[in-house]
There are 2 protein chains.
Amino acid sequence: MIGERISDKTGRSRRDAGPTATVEDVARLAGVSRATASRVVNDSPRVSPEARDAVRRAIEELGYVPNRAARSLMTRRSDSIGVVILEPATRLFGDPFFGHLLLGINAGLADSDVQLVLLMAQDRREEARVEKYLDAGHVDGAILVGPHGDDQLPTRLARRRVPIVLSGRPLGGGGLSYVDSDNRNGARMAVSHLVAGGRRSIATIHGTLDLGSARDRLDGYRDALTDAGYVLDATLEAAGNYSPAMAAEAMRVLLDRHPDLDGLFAASDSMAAAAVGVLLDAGRRIPEDVAVVGFDDTPVAMTVRPTLSTVRQPIEAMGREMSRLLLRRIDDPADAPSQVVFATELVVRESSVVS
Amino acid sequence: MIGERISDKTGRSRRDAGPTATVEDVARLAGVSRATASRVVNDSPRVSPEARDAVRRAIEELGYVPNRAARSLMTRRSDSIGVVILEPATRLFGDPFFGHLLLGINAGLADSDVQLVLLMAQDRREEARVEKYLDAGHVDGAILVGPHGDDQLPTRLARRRVPIVLSGRPLGGGGLSYVDSDNRNGARMAVSHLVAGGRRSIATIHGTLDLGSARDRLDGYRDALTDAGYVLDATLEAAGNYSPAMAAEAMRVLLDRHPDLDGLFAASDSMAAAAVGVLLDAGRRIPEDVAVVGFDDTPVAMTVRPTLSTVRQPIEAMGREMSRLLLRRIDDPADAPSQVVFATELVVRESSVVS
DNA sequence: CTGAAAGCGCTAACAA
DNA sequence: TTGTTAGCGCTTTCAG
């Protein structure tokens, strides 16, 4: 029932030229059976060198590429993973963080021929859609970026045995795999640096507190002050929620409450930059009157004047690690969840030291 | 040969719980044939209301979700499109442009159950890999972001009948579908605005000239000067290649060549921001001494002091349109290529007008 | 080491 | 309108 056919049938598809050779074609040309051809394609060791060579040549000649759908149907693997962005649009816009992370994730996939399916969920409705998609097993696993405190999605997926890795420590459930940077220590270093510079009234603009990173950075801020024997003052803390606009407003409030403040730690560079704008507008000199440290070491830190001292996290490496963990977990579902925390590093520029 | 089986066989897969009902299961439960069940799933009109209801109930009860691989195998459609980022890492990092664009593209796919496969190619080797992937027909079509002047990838793919849509006017071949903004007119408006403000010596920092956008913005700059009867001066043009660092260097060169320059048009906000830094460092007041206009209206425009006048392009809408065009082309390969150009808009802030 | 055969889950002729 | 049947291209027992 097969007979004459190679790369052509009656009304095959819209693609006229494209490589549509099948294993069948390859096998015939190589003078072996489908099974053997398939074995060669999948690097099975149980193939004689001669057969292997013949098949390889046939593959080359026909420009054969396996049909992923057919393979998936058989292997029950999609050879793709989902990267789910749970963050609302606003953050994605301003923050180069996500681009960096995607790059790292992609790099981590590079020698595995697993594809990256991008799934964005701006609201609960879209999130439900994404959940259904993941649940249906259309991807072999997923990396979840930015789940907030009250979001049960990770837990639900984990319970249904969907392999997942989170970006950032989840506030809720334990037992999940995640990759994070040492936000707390990064913040501690930043604020200790301000203390060491002789600053006495150090404020902070923190991120959305239902995010682990935001909470950890705030804790680090408090750690440093406590270490230095300062008394914590809640009125020196204001929410900027990782938004430049809200950070600007927060800065105004802080300045109003503490006209004498002489140090500021902002939980992101974009918030720091916005705060710097407000400080300059208010006639403060930076760093003479107010020393400022941000977080992330994004390009804006170098663009703004004065250039921004900040805390660097190895975003790309983190993305790569997330891929690595997920692939491992997909390969071996019994693999225990792992948590990986990357070190952060203080980068001192103009905004925090009087030269 | 089927017999007893519903959602369970011997060693099915790693997923223990998940919804693994098949059309077969649905059909049996609904008391109809596989074909009818399939018809209901695919909204075929040739189904009686009763059958439809029964099948719908069964689907609901079993939590049935079609297996994409099996469907693809049959329909020869992957129900996914590739979004190829040809840009080197550096741009992705700083520029919120890509995040915006992805968001738009994704939104354009929202009610089509087509998935977005992200493919990044940082160099020629990776580009070859991506090309092979697209060529193999693993996706139904692709959106190409950032192909540079000498890149033959779009042409090659088009020749092989892979449906594609480009982001930005390609410099090379005609006859390709693309979505762009009116860069030239945007730039012209920006520079005319500087002229109207009485600026006499207006410089520009342009992007990588093997990019249509960069060339168009440079042309728009020249248009405006010519319109105003100014004499073009090549020494007032410097390359920033969309990189803040190179833009800073370009600004230094320009300042050196023309200490009296009183206007600047930068082809991106990030370059404008970097240039502003250099100008401030050089003791120039903005806008009193030098008026500055950027391009893109990214968040940095609001963050920097003074806030940046800029040209806004509807990035998200552009992304949505790209999806729309691609889906249309996939549906009907005979559909002629279309070019869509979105209007740009001048946004005036502090950096260009003395208040 | 190799081949024959079975069948993954689905859709699409073709009949009825 | 519905059911029957034939595969899509691939991997994988199971014999040989």
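Just so it is clear: chains get the letters A, B, ... in the order the sequence lines come, proteins before strands, and each one is counted from 1.
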*Describe the nucleic acid contact of T36(B) in one word from base, sugar-phosphate, nothing, applying a heavy-atom distance below 4.0 Å.*
sugar-phosphate

*Check whether the side chain of R68(B) and the base of dG9(C) form a donor-acceptor pair under 3.5 Å.*
no

_Selected nucleotide, minimal atom distance to A35(B) side chain, candidates dC10(D), dG3(D), dC10(C)_ = dG3(D)

*Send over the distance from H138(B) NE2 to dG9(D) P, rounded to a whole Å.*
13 Å

*Report yes if a side-chain nitrogen or oxygen of T22(B) is closer than 4.0 Å to either non-bridging phosphate oxygen (OP1 or OP2) of dG9(C); otherwise report no.*
no

*Base, sugar-phosphate, or nothing for A51(B), non-hydrogen atoms under 4.0 angstrom?*
sugar-phosphate

*Nearest-Å distance, CG (N42(A)) to P (dC10(D))?*
10 Å

*Name the nucleic acid region contacted by V32(B), choosing base, sugar-phosphate or nothing; use a 4.0 angstrom heavy-atom cut-off, strictly under.*
sugar-phosphate

*asked:* Judged by each residue's nearest nucleotide on DNA chain D, which is more toward the 5′ side, L73(A) or V47(B)?
replied: V47(B)

*Does R160(B) come within less than 4.0 Å of E131(B), counting only side-chain N to carboxylate O?*
yes

_Measuring from the side chain of R71(A) (C-beta onward, heavy atoms only), which nucleotide among dC8(D), dT11(D), dC14(C) has the closest atom?_
dT11(D)

*Side-chain donor or acceptor of R76(B) under 3.5 Å from a matching atom on the base of dG9(D)?*
no

*State whether a side-chain donor-acceptor pair under 3.5 Å links H138(B) with Q115(A).*
no

*asked:* Is there a side-chain contact between S38(B) and the phosphate of dT11(C), meaning an N or O under 4.0 Å from OP1 or OP2?
replied: yes

*asked:* Using C1' atoms of five pairs at each end, report the bend of the helix from dC1(C)-dG16(D) to dA16(C)-dT1(D) rounded to 10 degrees.
replied: 30°

*Looking for any heavy atom pair under 4.0 Å, which part of the strands does R46(B) touch: base, sugar-phosphate only, or nothing?*
base

_Whole angstrom value for the distance that separates P of dC1(C) from CZ of R52(A)_ = 9 Å

*Between dT12(D), dG7(D), dG3(D), which nucleotide has the shortest distance from any of its atoms to the side chain of R34(B)?*
dG7(D)

*For residues S167(A) and M322(A), report the shortest heavy-atom separation together with the two atoms involved.*
CB-CE, 3.5 Å

*Should the pair D180(A)-R169(A) be classified as a salt bridge under the 4.0 Å nitrogen-to-oxygen rule?*
no

*Out of curiosity, L166(B) CG to D151(B) CG, how far, rounded to the nearest 0.5 Å?*
10.0 Å

_For the CD1 atom of I81(A) and the CG atom of L119(A), what is their distance to the nearest 0.5 Å?_
10.0 Å

*Does dC8(C) have OP1 or OP2 sitting under 4.0 Å from an N or O in the side chain of N67(B)?*
no

*Go through dG3(C), dC10(D), dA12(C) for me and flag the one nearest to the T75(B) side chain.*
dA12(C)

*Name the nucleic acid region contacted by S48(A), choosing base, sugar-phosphate or nothing; use a 4.0 angstrom heavy-atom cut-off, strictly under.*
sugar-phosphate

*May I have the distance from R39(B) (atom CZ) to dG3(D) (atom P), rounded to whole angstrom?*
8 Å

*Whole-Å distance between dT4(D) P and E24(B) CD?*
11 Å

*So does R57(A) pair up with E60(A), basic N to acidic O under 4.0 Å?*
no

